[in-house]
Every structure is written in C-alpha cells, then in structure tokens.
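Written below as structure tokens is the structure these notes are about.
Reckoned from all heavy atoms, side chains included, excluding hydrogens, waters and symmetry mates.
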Amino acid sequence: MFVKKTLQLLIHLFVLTQIAGYSYNRPVLHCDSTWNPNGTTVLNETLIGSNLFDLFIDQNNSIYIPNQNNGQILMFPQGNFSSMQHISLNLINASNLFVTGEGDIYVDTFYSSASVISEMKSNSASLSSISRMNICQQCFDIFISDNQILYCSLSERHQIISKSLINQWNHLVIAAGTGSAGSTSNTLQNPRGIFLDETNQDLYVADCGNDRVQVFKSQKLTGTTKVGNGSSNITFDLRCPTGIALDSQSYLFIVDSHNNRIIGQNSNGFRCLAGCYQSVGPSLNHPLSLSFDSTGNIFVVDQRNNRIQQFDLLNNSAPPLTLAGVQLNLNPSLLPSGWSLCYSATYATVIGTSSLPTILSSCNRTNLLLGCRPVGKVNLTIAAMGHRNDVLYNCGSLSSCTHIANGVGWYYSDSYSWGFVSGCDNVIRSSCDTASTNAIYRLCWHTQNDGGYRCGLTAGLNSNTSWEKVIYHAN
C-alpha cells in the first residue's frame, strides 16, 4: 500500500539526546546519520606518544589516553585539546583503560603490577590492585558495566572473563570463549575489543582472528555472528575487527583494522563510514579502537600513524528545497520558477564515463532533479530533487551505499549506476538497484556505458525506447 508523498520536514542528522547513566557515550542517531569521511587529526605523536592502543571519552567529552612512552594517562578536559593534564602512575606499556561515571580509572597494568588491571579512585592519586586479577595474560580491552562487573578481553587466551568489583573475593567468570582458539559458535580466536549492551546484557566481541563480531547473550557461552565471517546476513567482509561501540539503538560501529576502515550499522544494515576508498590512499593505517563523543563525532586510534582522528557527524546545512522526498506523478510545470530541463533521453541511450561529463556540463546548476516517464507523457512517474553534491554522492561500486539528504537516498558512480530510493530504504546495487521494497519509489540508471534500468515499478528497461530519463536543474 502506497500513498503519494507530500512535503516533509528535512530529516535531522544531528544527535538528539544521549543515554543517561553510563560513563561513555551511546548517542541517539537518526537512521540517515552520516560522517565526514575525511578525518581531522586532533592529537598527534608529539602530544600522545607512539604505539597508541586505546582512548576513552566520557559523557563530558573528557578524553583519556594511556601514553606508552612516559607511563602517564593523558586527560583532555571536556575535549579541550589545548588543556592537557598528566596523571603520573609509572605505568609500563599500558594499552587500555576505562573510566566510570564516578571518575574511577581502570587501567592495564600487566607489565607494572601483579594485577593485570588496577584501579585509581577519583579521590586518589595512586593505583590499587584488583583481587584475583593476578593472571598471566594481558587484557587487550576493558569494559566496566554499570552494575560494577569488569570484563577483560584475554586475546592470547582466546577468552573473555568477568569479575565483580563489589565483592573483591568473587572468582573470575568465563563470559565467552573456551580458552582454546577456534571458529565455532562457542570459541574465539584472538578476541580484541569488547562492548556490553547494558540494555539487555548482550556482550559484543571483536573476534579478530575469525574476522567477525560475535554476540553472546547474558550468561550464554554460545555466540552468534553479527557481522563478518559466518554471518547469516549479507554483510561486510571484515579483516581483524579490533574495536567496537554501540549507539543508543544498539547499532554496531566497528574498527575493521586490517581493512583500514570504520564500519557502521543502521536500519538498512552495515555501511562503510571512513577509509572506504583505498584506491585513493588509506586515510587510516591499522586503526585499533573508536569512541563517540556526546554529539556523535567518532574518534579513532590510528595506531601506525600515531594519531587520533576525528570524524565529524554531518548535517545538511544547505538551504531547504521545495519538494522533500521522492515524488510520484509530478507535473514539471508545477516546479518553482528557475527549474528547467537540461537532459532527456530514452532508456536505450547509453550513459557512462564518456557521456556523463557532457550531461553534467549541461546540467551545471546548484540543484538537480532526476526523473523518468513514458515517452510522450508530461508527468514524471517518479522524481526527486536534491543539492548537487548530494545527488552526485559517489558510492563507487558499493552494493548498499546511499547518501540520505532531503528525504532521499542518493547514490552515484560514473562507471556503475546512478539513482535514488526513498529516505532510509536500502539498495542492492548490481550494478543497478534490484531491491523490491517500496519499488515504486526507486529510480536507477546504468552508467557502465549501458542503458536502462528502472523507473519505479517498471524495470528491465535497458534497451527500451518507450521510456525516458530526464534531469532538471536550478540555482
């Protein structure tokens, strides 16, 4: 059942609020949130040293970093990078840390104490050992739950353990993994990052050696593969995931370390957020962990570049357009003054790398409208307008990529396909979009020096001369 779409408010991309009660950030994000794929270096080797493994950002946006070069924890209050504080603890090769809502710091002390994890209370200037944590393996990652359970990722033991911080004499508990490397549902291989979903106690594990992310239900030792090798869903291929985080809706964000990229999830599935186009040179080099700040920006430990990269959450700050969302049966004569036809051709007409420069030279204004209709008809069967940069958002040959703006999911490539869907609807580009959900709101043109392909419900138009594709433009 479909209804004609009317004028809508532009979709908000900014974070709306924040889950309260946790020390870390789980921002509330819209389904079409996007981040600037070009990171900004906010901290470099001069300030934070080399061989960095981890960072922690609390809900006040204070950033904590263990400095392997001088044995200190560096703290930048409220994200102020010009105001650095030093917490001197004589640490040796400390790789990770966690800060609670009370300001207590838990830090890796495998090389500097009998306890692999030690605690510094907010009202203290020294470290205290944690009972029963005198084990012979280093914790690659630490997570402290709101109910005071410490989780430790023992990468070399292929296991996740937990320990109550309320009763210091409680024994260690196995949370995941058998202690032997494996790729079954109850084994792990060199697990790295961990994250507990405190809304349901699901434990997420970056299972690096198996190129997957596993989820373990509360008190269950059998996991399911959320994404990566062995997943039942069509997802991204991962190569050694090392860091993970969740937003407020439990959507997953992953450091895909050996692919030098950041993967994010929304209602349409997984998508690449940063480091997506390695052909133009990697923006990340062996990233290890990530954290959100309170506004939804993503901070990444870019280890081999010895820096922290910030990827900003974006919003659509361009002026609003007259028509938001995908339009059905649109009469072009009703478009506001200034819109004019700049391109029309039948679906049999080839579009590709040789013809697109000419088309875009003719359609050279700030705003573009793509549409289609039967030849000889006035009304456009389906149409959508957007700012030029949105309509031409380059998704390359990624099968599920869209860029959402003005209530429309856009995708473009000069050698794959060009088109749109409604809002947050998913696409299956091969090379044109073949998805069937809300098909009436889908338009796709091949750009592989080929004709076709779909105009709403009508598909398979590759050599068709009875349907035409049109572009209007305006400033």
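At a threshold of 4.5 Å between non-hydrogen side-chain atoms, the residues R442 and D425 count as touching. Side-chain atoms of L246 and L252, non-hydrogen and from C-beta on, do get closer than 4.5 Å to each other. With contacts defined as side-chain heavy-atom distances shorter than 4.5 Å, the pair S417/C444 qualifies. Counting heavy atoms from C-beta on, the side chains of S431 and Q448 come closer than 4.5 Å. Using a 4.5 Å heavy-atom threshold, the side chains of S340 and R365 count as touching. Within the 4.5 Å cutoff, no side-chain heavy atoms of I382 are placed close to those of I440. The side-chain heavy atoms of L238 and V227, taken from C-beta on, include a pair separated by under 4.5 Å. Between T381 and N329 there is no side-chain heavy-atom pair separated by less than 4.5 Å.
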Subject >> side chain to side chain contact (heavy atoms under 4.5 Å, CB included) assessment of Q159 paired with I174 >> reply: CA-CA 7 Å; Q159 199 167 52; I174 296 172; 3.6 Å; yes
**OP:** Please test N200 against S218 for side chain to side chain contact (heavy atoms under 4.5 Å, CB included), starting from the C-alpha separation and ending with a verdict.
**Re:** CA-CA 8 Å; N200 55 19; S218 178; over 6 Å; no
**OP:** Could you check N51 against Q303 for side-chain hydrogen bond (donor to acceptor under 3.5 Å, both in side chains), going step by step and ending with a plain yes or no?
**Re:** CA-CA 6 Å; N51 200 32; Q303 190 190 52; 3.3 Å; yes
**OP:** Any chance you could lay out the side chain to side chain contact (heavy atoms under 4.5 Å, CB included) test for F216 and I160, step after step, and finish with the verdict?
**Re:** CA-CA 11 Å; F216 294 86; I160 313 300; over 6 Å; no
**OP:** Begin from the C-alpha positions of C401 and C395 and carry the test disulfide bond (SG atoms under 2.5 Å apart) through to its verdict.
**Re:** CA-CA 6 Å; C401 171; C395 280; 2.0 Å; yes
Subject >> Check against side-chain hydrogen bond (donor to acceptor under 3.5 Å, both in side chains), T41 and Q309 >> reply: CA-CA 5 Å; T41 300; Q309 290 287 90; 2.5 Å; yes
**OP:** Would you please test Y24 and F56 for ring pair (Phe, Tyr, Trp, His ring centres under 6.0 Å) and show each step?
**Re:** CA-CA 8 Å; Y24 48 91; F56 186 92; 7.0 Å; no
Subject >> Derivation and outcome, side chain to side chain contact (heavy atoms under 4.5 Å, CB included), residues I65 and I63 >> reply: CA-CA 7 Å; I65 299 170; I63 300 174; 4.0 Å; yes
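The two atoms that bring L188 and H158 nearest to each other are O-CB, 3.3 Å, heavy atoms only. Closest approach of D247 and P27 over heavy atoms only: CB-O, 3.3 Å. Minimum interatomic distance between N25 and N61 (heavy atoms only, all atoms of both residues): ND2-OD1, 4.3 Å. Considering every non-hydrogen atom in both P66 and N96, the closest pair reads CG-N, 4.2 Å.
Atom CG of residue L313 and atom CZ of residue F292 lie 9.0 Å apart, to the nearest 0.5 angstrom. For the atom pair Y151 OH and S153 OG, the distance stands at 13.5 Å (nearest 0.5 Å). Note that CD of Q214 is 10.0 Å distant from OG1 of T222, once rounded to the nearest 0.5 Å. Taking CD of Q327 as the start and CG of N379 as the end, the distance is 12.0 Å to the nearest 0.5 Å. Note that OG of S291 and CD1 of I57 are 5.0 Å apart. Values are rounded to the nearest 0.5 Å. Expressed to the nearest 0.5 Å, how far CZ of R304 lies from CG of L52 amounts to 13.5 Å.
Aromatic rings from F420 and Y411 are positioned such that their centres are separated by 6.0 Å or more. The aromatic ring centroids of W418 and Y412 lie less than 6.0 Å from each other. A distance of 6.0 Å or more separates the ring centres of W467 and Y347.
In this structure, N438 contributes its side chain and S422 its backbone to no donor-acceptor pair below 3.5 Å. A donor-acceptor pair is defined here as one N or O able to donate and one able to accept, closer than 3.5 Å; no such pair exists between the side chain of T402 and the backbone of G409. A donor-acceptor pair is defined here as one N or O able to donate and one able to accept, closer than 3.5 Å; no such pair exists between the side chain of W339 and the backbone of L368. Side chain of S362 to backbone of T358: a donor-acceptor contact under 3.5 angstrom is found. Formation of a donor-acceptor pair under 3.5 Å by the S231 side chain with backbone atoms of G228 is not found in this model. Looking at D211, its side chain does come within 3.5 Å of a backbone N or O of C240 through a donor-acceptor pair. Side chain of D207 to backbone of Q189: a donor-acceptor contact under 3.5 angstrom is found. Using modelled atom types, one side-chain atom of D54 and one backbone atom of L97 make a donor-acceptor pair closer than 3.5 Å. Of the possible polar contacts, none joining the T349 side chain to the A345 backbone as a donor-acceptor pair under 3.5 Å is found.
Note on R307 versus E45: no salt bridge recorded, every NZ/NE/NH1/NH2 to OD/OE distance being 4.0 Å or above.
In summary, of the residues considered (R271, R212, R239, R261), a salt bridge (charged side-chain N to carboxylate O under 4.0 Å, His left out) with D256 occurs for R261 alone. Under the side chain to side chain contact (heavy atoms under 4.5 Å, CB included) test applied with I298, the options N36, L290, D293, D312 reduce to a single match, L290. The only option from F311, F253, F299 that meets the ring pair (Phe, Tyr, Trp, His ring centres under 6.0 Å) definition with W35 turns out to be F253. The residue from L341, L380, L369 that alone fulfils the side chain to side chain contact (heavy atoms under 4.5 Å, CB included) condition with L335 is L369.
Sulfur-sulfur distance for C152 and C139: below 2.5 Å, consistent with a disulfide.
For the residue pair H403/D390, the side-chain donor-acceptor check at 3.5 Å is satisfied.
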Using atom types as modelled, flag every donor-acceptor pair under 3.5 Å from a side chain in residues 190-197 to any protein atom, sequence neighbours excluded.
unit_1 : atom_1 : unit_2 : atom_2 : d
N190   : ND2    : S155   : O      : 3.3
R192   : NE     : S155   : OG     : 3.4
D197   : OD1    : R26    : NH1    : 3.1
D197   : OD1    : T199   : N      : 3.1
D197   : OD1    : T199   : OG1    : 2.6
D197   : OD2    : T199   : OG1    : 3.4
D197   : OD2    : S250   : OG     : 2.6

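For the pair K226 and Y204, the cation-pi test (distance below 6.0 Å, angle within 45°) is failed.
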